[in-house]
Each structure stands twice: as structure tokens, then as C-alpha cells.
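Shown next, in C-alpha cells, is the structure this report addresses.
Computed from a prediction, not measured in an experiment: that's the story for all the values here.
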Amino acid sequence: MTSSTFIFTRRTLAIAVPIFAIAALGATPAHAQTAPVKVGLMLPATGTYANLGTMIENGFRLYVAEQGGKLAGREIEYFKVDDESEPSKATENVNKLIKRDQVDVLVGTVHSGVALGMAKVARETGTLMIVPNAGADVITGAICAKNIFRTSFTNWQPAYAMGKVAAERGHKNAITITWNYAAGLESAKGFVEGFEKGGGKIAQNLTLPFPNVEFQALLTQIAAQKPDAVFAFFAGGGAVKFVKDYAAAGLNKTIPLYGPGFLTDGTLEAQGAAAQGMLTTLHYADNLNTPRDNAFRLNFAKTYKVNADVYAVQGYDAAQLLAAGLKAAGGDIKNQDKVIAGMSSAQIDSPRGKFSLSTAHNPIQDIYLREVKGKNNESRGIAMKALADPAKGCKM
Ligand code: BEZ
């Protein structure tokens with residue numbers, strides 16, 4: 001035996017075994033504190049919502065970059081899955097991030113149906129989840145959970161405000177039109193609630209399957225029924241097509257078209273003249289002109305060569321919310337109680353305006369009335385101040 005040969009004595013074994021055992025588990029406690037935080041981005045990279053996914057990711061990454069690439073001293077490592085806005089693949093896709101990549105936090109997604117599938121798995125596994133768009137009401141309602149947060153909205157919030165505004169504008173009967181899935185149906189329901197409270201009546205609720213864009217037959221029905229107003233929920237590529245078809249049919253000349261701001265957000269370049277003058281309600285507008293929003297928009301435009309929109313803001317704020325949780329836990333993402341406490345009590349200095357979260361973990365926020373002018377959704381004031389979702393059925 002040479003002098004360099006390691007001799008295992010009882011004593012060295014006693015020291016070595018725990019060290020090897022910890023190494024075999026993948027991390028020493030010190031490593032766990034310094035290893036990157038694993039962020040699983042589950043967003044659409046294809047289909048009608050692809051651009052929304054890109055804006056959310058870019059917003060998230062921008063905030064991290066502004067902090068020097070670290071949140072509460074921890075580097076961020078990204079793992080990505082294209083969810084295709086396909087609810088039937090949600091469980092399989094989210095498990096790629098949870099089981100295969102072992103992410104610390106899920107960030108996703110855009111489509112309410114997919115987000116519902118994600119939230120179910122997040123609840124069952126206790127995985128921390130931040131929803132940067134999907135508005136499915138029950139996520140911060142009946143199926144709310146201490147480990148699930150949202151930086152966007154519930155489908156009810158902007159739609160309810162639009163219903164109230166439409167009634168105040170004197171409309172008496174309206175038709176709603178949307179895709180037949182949670183976001184569309186809940187938006188239409190929110191609008192109906194606000195509109196009927198203000199004295200309006202709903203003539204009909206029209207739907208077509210997601211992401212179908214063959215609107216012609218339904219537009220013909222609207223033209224025949226001649227309501228005072230139409231409320232539509234569509235977003236992304238579908239919103240572009242709907243607003244253009246509505247104008248091409250000449251309906252915008254006689255029947256005002258309203259919607260939650262998704263109908264005209266991130267879409268105006270493509271909608272052009274068809275969208276001019278439209279009124280929508282949303283928790284963001286393009287001309288807030290606050291120092292916070294101006295700095296964000298400038299940095300976003302410089303970095304990505306496109307103007308920020310509501311989706312970029314929601315992604316940016318998802319990173320801010322995670323930072324608040326990590327800060328409260330001294331950078332230790334594994335200390336979930338502290339992370340959750342920090343996130344729950346966070347005051348987010350958002351480009352949209354400051355907001356805090358409800359006990360159900362959904363933003364309590366101002367809803368702006370906006371008017372399309374050129375390529376901007378310009379604020380015409382606050383339609384509803386500090387609007388909190390009713391969070392029906394949430395028990396935490
Ligand atoms: C949703 O599915 O919740 C949704 C999608 C796009 C824009 C807004 C909401």
C-alpha cells in the first residue's frame with residue numbers, strides 16, 4: 001500500500017458516510033442556499049397565444065436582469081415547456097417541470113384551462129406556483145391554495161368593470177360573444193353581472209370553440225339582432241381577427257364593441273384602423289405616464305425592441321413577487337413557509353400602479369377605462385378603484 005492510498009478507519013467512515021450521503025442526495029445544505037433557484041416557465045410558444053407567452057417571459061426576465069441576474073442573492077435558472085394552450089396536455093407538461101426538472105417554482109400560464117390543470121398538480125404536490133396571466137376565477141376562488149399566487153387578474157375583474165361602464169353609457173341590451181372555455185365564459189358572466197346591476201339586459205350569449213376564428217355566422221346573427229352593444233372576450237391572434245372582421249362587416253359603425261382589454265392589448269399594430277376608438281377595461285394602459293411605468297417601458301423597449309403590454313407587466317410582476325418571497329426567506333427557496341409569507345404580504349411596485357394581494361392571492365387593483373388611439377390603449381381614467389375579486393369559495 002502506498003502512502004497516498006486512503007485508509008478507511010472506523011473514524012474516517014463515520015465522517016465520510018454522512019458527507020457522501022448528502023452529496024448523493026445532490027446538495028449540501030450550503031449548496032442548497034447558493035444553487036440557482038429553478039424557475040419552470042410553462043407558457044404557450046405556439047398557437048393563438050404564442051406572443052402573449054413571449055411577452056410574459058420577457059417581462060419576467062427583464063425584472064431579473066434589472067436585479068443583476070439574481071433575486072435575493074440567488075441566481076435564476078430557467079426551464080421551459082410549450083404548453084400549446086392545450087388543456088389536455090397540462091398535467092403531462094407540468095409534470096415535466098416538477099418531476100423531470102425539479103423546479104422550485106412554476107410560472108404559468110396564459111390559458112385558463114391549462115392553468116386549471118397546472119393548479120391541480122401544484123396543489124397536490126405543494127409546488128409554489130405564480131400565474132402571470134390566466135384569469136380562471138376558481139384558481140383564487142374555490143380551489144385557492146396557500147402555494148398558488150397570481151399577478152394578473154381574475155376573468156371577473158375587468159369584465160365586471162366593463163359591464164358597469166357599458167350600463168353607465170346608457171346601453172340597454174347587449175350580446176356577448178366569446179370562445180367556449182373558462183376565460184370566455186367567466187368574462188361574459190362578469191360583464192353580464194356588471195351590466196345587469198346597472199339596469200342592462202342581455203339579449204344573447206354567443207360562443208364558438210377555442211381557438212376557432214370563423215366568426216362570420218355569429219356576426220350575421222349580431223347584425224340581425226341589432227343590440228345596443230356587443231361585449232367580446234378574445235385575445236392574441238383571435239382578437240386581431242375578431243376586431244377586423246367586426247369592422248369589415250360594418251358593425252362598428254352602428255353597434256359599439258366593448259371588451260376586457262385583451263381585445264386590443266398587444267394587437268393594435270395588426271388591428272390598425274379597425275380598432276380605433278374602441279373602449280375596453282383593464283388593469284393596465286399604455287400612457288399611465290408614471291415614473292415607474294415610463295422606466296419599465298423604456299427598458300422593455302430597449303431590450304426587446306417592442307413596446308410593453310399588459311402581458312409583459314404581469315410577467316415582470318411575477319418576478320417581483322418571487323423576489324419578495326425569496327427576500328423574506330433570506331434567499332432560501334426551500335423555506336416555503338417564509339417564502340409564502342413574504343409573497344402574501346408583498347406590496348408590488350408594478351408598472352400598472354402599486355398593488356397588494358387579497359387573502360386568496362389575487363391582485364387588488366385599479367381597473368382603467370381605455371380608448372384606442374393609434375397604436376395605444378390610452379387611459380380615460382379609473383373605471384373601478386382597488387377592485388378585489390369576490391374569491392367565492394376560497395378557504396385558506
Ligand atoms: C385566459 O385564458 O385566462 C386568458 C387568455 C388570454 C388573455 C386573457 C385571459
Side-chain angles (χ1 to χ4, degrees), residues 41-57 80-94 108-119 131-137 139 152-155 158-159 175-191 205-222 230-249 251 257-272 274-275 278 280 282 309-311 314-315:
L41 297 173
M42 182 153 150
L43 295 166
T46 48
T48 198
Y49 288 162
N51 190 49
L52 285 57
T54 304
M55 294 301 271
I56 289 169
E57 177 174 345
K80 288 170 57 165
V81 166
D82 173 11
D83 67 40
E84 303 169 45
S85 294
E86 181 46 68
S88 69
K89 295 186 186 165
T91 305
E92 182 193 335
N93 279 331
V94 75
T109 187
V110 170
H111 184 288
S112 275
V114 179
L116 286 166
M118 290 178 76
V131 182
N133 184 70
D137 293 343
I139 289 179
S152 49
F153 56 91
T154 61
N155 291 318
I175 286 181
T176 68
I177 177 166
T178 185
W179 281 314
N180 188 3
Y181 84 103
L185 301 178
E186 289 174 354
S187 281
K189 198 164 162 234
F191 173 82
N205 296 302
L206 301 172
T207 61
L208 73 169
F210 175 87
N212 193 328
V213 289
E214 296 311 317
F215 300 118
Q216 220 46 56
L218 298 175
L219 292 177
T220 304
Q221 233 174 297
I222 292 171
V230 168
F231 170 87
F233 168 90
F234 296 105
V240 171
K241 173 94 169 31
F242 182 77
V243 169
K244 287 178 103 171
D245 285 5
Y246 195 86
L251 288 170
L257 174 60
Y258 299 108
F262 315 111
L263 200 55
T264 57
D265 227 86
T267 54
L268 290 176
E269 195 92 41
Q271 287 165 334
M278 276 180 62
T280 62
L282 203 64
D309 61 14
V310 71
Y311 308 105
Q314 293 167 172

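The line from CG of N51 to CD1 of I56 is 10.0 Å long, rounded to the nearest 0.5 Å. Taken to the nearest 0.5 Å, the CD atom of E214 stands 9.0 Å off from the CG atom of L208. Rounding to the nearest 0.5 Å gives a distance of 10.5 Å between OH of Y181 and CG of L116. In this structure, CG in L251 is found 9.0 Å from CG in L257, a value given to the nearest 0.5 Å. Atom CD in E92 sits 12.0 Å away from atom CG in D83 (nearest 0.5 Å).
N180 is not listed as a side-chain neighbour of P209, based on a closest heavy-atom distance of 4.5 Å or more. At least one side-chain heavy atom of F231 sits less than 4.5 Å from a side-chain heavy atom of P260. In this structure, the side chains of F210 and S85 come closer than 4.5 Å at one or more pairs of heavy atoms. Side-chain contact between L43 and P132 is present, with heavy atoms from C-beta onward closer than 4.5 Å. Side-chain contact between I222 and I177 is present, with at least one heavy-atom pair separated by less than 4.5 Å. Here the side chains of V114 and M42 are in contact, with some heavy-atom distance below 4.5 Å. Using a 4.5 Å heavy-atom cutoff, the side chains of V243 and L263 are in contact. When side chains are defined from C-beta on, P44 does not count as touching H111, because their heavy atoms never get closer than 4.5 Å.
Nearest heavy-atom pair, E86 versus S88, reported as atom, atom and distance to 0.1 Å: OE2-OG, 2.8 Å. Of all the heavy atoms in A270 and V240, the pair that sits closest is CB-CG1, 3.7 Å. Nearest approach of L218 to T207, heavy atoms of both residues: CD1-O, 3.9 Å. Pairing each heavy atom of A275 with each of L268, the nearest pair is CB-CD2, 3.7 Å. Counting all heavy atoms, side chain and backbone alike, K241 lies closest to V213 at NZ-O, 3.0 Å. Contact detail for L282 and G261: the closest heavy-atom pair is CD1-N, 3.7 Å.
Applying the ring-ring contact (aromatic ring centres under 6.0 Å, His included) test between F262 and each of F153, F234, Y49 identifies F153 as the sole match.
Not a single donor-acceptor pair under 3.5 Å links the side chain of S187 to the backbone N or O of G184. In this structure, the side chain of W179 does not engage the main chain of F233 through any donor-acceptor pair within 3.5 Å. Judged by distance alone, the side chain of D137 and the main-chain N or O of T154 form no donor-acceptor pair under 3.5 Å. Side chain of T48 to main chain of G238: a donor-acceptor pair is present (N/O by atom type, distance under 3.5 Å, no hydrogens or angles).
For K189, the salt bridge (Lys or Arg N to Asp or Glu O under 4.0 Å) test picks out no residue, with sequence neighbours left out. With sequence neighbours left out, the salt bridge (Lys or Arg N to Asp or Glu O under 4.0 Å) criterion links E269 to K375. Scanning for salt bridge (Lys or Arg N to Asp or Glu O under 4.0 Å) contacts around E186 gives an empty result, with sequence neighbours left out.
For the residue pair N205/T176, the side-chain donor-acceptor check at 3.5 Å is satisfied.
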- Query: Does the pair I139 and V131 meet the rule for a side chain to side chain contact (heavy atoms under 4.5 Å, CB included), with working shown?
  - Reply: CA-CA 9 Å; I139 289 179; V131 182; 4.2 Å; yes

- Task: Test E57 against K80 for side chain to side chain contact (heavy atoms under 4.5 Å, CB included), laying out the working first.
- Result: CA-CA 10 Å; E57 177 174 345; K80 288 170 57 165; 3.1 Å; yes

